[in-house]
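Residue numbers start from 1 in every chain, and the chains themselves are labelled A, B, ... in the order their sequence lines are given, proteins ahead of strands. These numbers were taken from a predicted model, which means no experiment stands behind them.
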Amino acid sequence: NAGVTQTPKFQVLKTGQSMTLQCAQDMNHNSMYWYRQDPGMGLRLIYYSASEGTTDKGEVPNGYNVSRLNKREFSLRLESAAPSQTSVYFCASSFRGLNTEAFFGQGTRLTVV
Amino acid sequence: KQEVTQIPAALSVPEGENLVLNCSFTDSAIYNLQWFRQDPGKGLTSLLLIQSSQREQTSGRLNASLDKSSGRSTLYIAASQPGDSATYLCAAPVGSQGNLIFGKGTKLSVKP
């Protein structure tokens, strides 16, 4: 019963390096999301994809890009990592409409030095 | 713009006590409200989703209520146990898209 799977679980980057966070869901959900969680700031939406082929910016999109590869997979890319992007990143998925119960992955703890 | 607030930020109770966690929101035109649990270093686990047409939703020792007119939801935990210690988050979706606006959570500690 996998649900939402994120890789990697931990990552340390040097400033300026790039990386891609991977996310896959097996619940046939239409929508997928990337959030970041920071102490004192709570969870904030970075990007979301309401359906395959579409992506939209959330509250804090600067410095990130996303790709909805297919219905199952949604990746988040940091092109040139900055210390301000040190955070815990969560991927989530849900249906659209009235029943938007969201399910989350276990998170990626990213440190940029 | 929807804002979600959770007060208090932290709560400590003795084992066995019944307790209520509070969540307030500014835009009453919500489709639903979701409660999550987060253990340290872990992801979010969905506890309950309460639809706008419902007033209550129950799962085991947990009961969530929703009052759209007052902009409030509560999570009632009966007979608390040390294993209930975690951070509890509430979140409201933006329209029908499913993007969630989160409160900052209530950190619950249940003492044996």
### Which atoms of A/Gln6 approach chain B - backbone, side chain, both or neither, heavy atom under 4.5 Å
neither

### Query
For the hydrophobic clusters of this structure (ILVMFWY residues joined by side-chain heavy atoms under 4.5 Å, transitively), does one cluster hold both A/Tyr89 and B/Phe36?
no

### Task
Using ring pair (Phe, Tyr, Trp, His ring centres under 6.0 Å) as the criterion, point out the one residue from A/Tyr35, A/Tyr33, A/Phe90 that pairs with B/Phe102.
A/Tyr35

### Task
Could you state whether A/Phe103 and B/Leu49 fall into the same hydrophobic cluster, counting links through intermediate Ile, Leu, Val, Met, Phe, Trp or Tyr residues with side-chain heavy atoms under 4.5 angstrom apart?
no

### Task
Of all the heavy-atom pairs spanning B/Leu44 and A/Phe104, show the shortest one and how long it is.
O-CB, 3.6 Å

### Task
Using modelled atom types only, decide if a donor and an acceptor are shared between the side chain of A/Glu101 and the backbone of B/Ser46 within a distance under 3.5 Å.
no

### Query
At a heavy-atom separation under 4.5 Å, does B/Leu89 approach chain A through its side chain, its backbone, both, or neither?
side chain

#### Entry: Side chain / backbone / both / neither for A/Leu43 at chain B, heavy atoms under 4.5 Å
both

### Query
Does B/Lys104 use its side chain to pair, donor to acceptor, with the backbone of A/Met41 at less than 3.5 Å?
no

### Query
Do B/Leu75 and B/Ile50 share a hydrophobic cluster, counting only Ile, Leu, Val, Met, Phe, Trp and Tyr and linking them when any side-chain heavy atoms are less than 4.5 Å apart?
yes

### Query
Heavy-atom count around B/Lys68 NZ within 6.0 Å, excluding the residue itself: above 12?
yes

### Query
Between B/Ile101, B/Leu48, B/Thr45, B/Leu100, which residue shows the highest count of heavy-atom pairs closer than 4.5 Å to chain A?
B/Leu100

### Query
Measuring heavy-atom distances to chain B, does A/Arg109 have an atom under 4.5 Å in its side chain, in its backbone, in both, or in neither?
side chain

### Query
Does A/Phe74 belong to the same Ile/Leu/Val/Met/Phe/Trp/Tyr cluster as A/Leu45, with side-chain heavy atoms less than 4.5 Å apart forming each link?
no

### Message
When you group the ILVMFWY residues by side-chain heavy-atom contacts below 4.5 Å and let the links chain together, are A/Tyr48 and A/Trp34 in the same group?
### Response
no

#### Entry: Atom CG of A/Leu69: over 12 foreign heavy atoms under 6.0 Å
yes

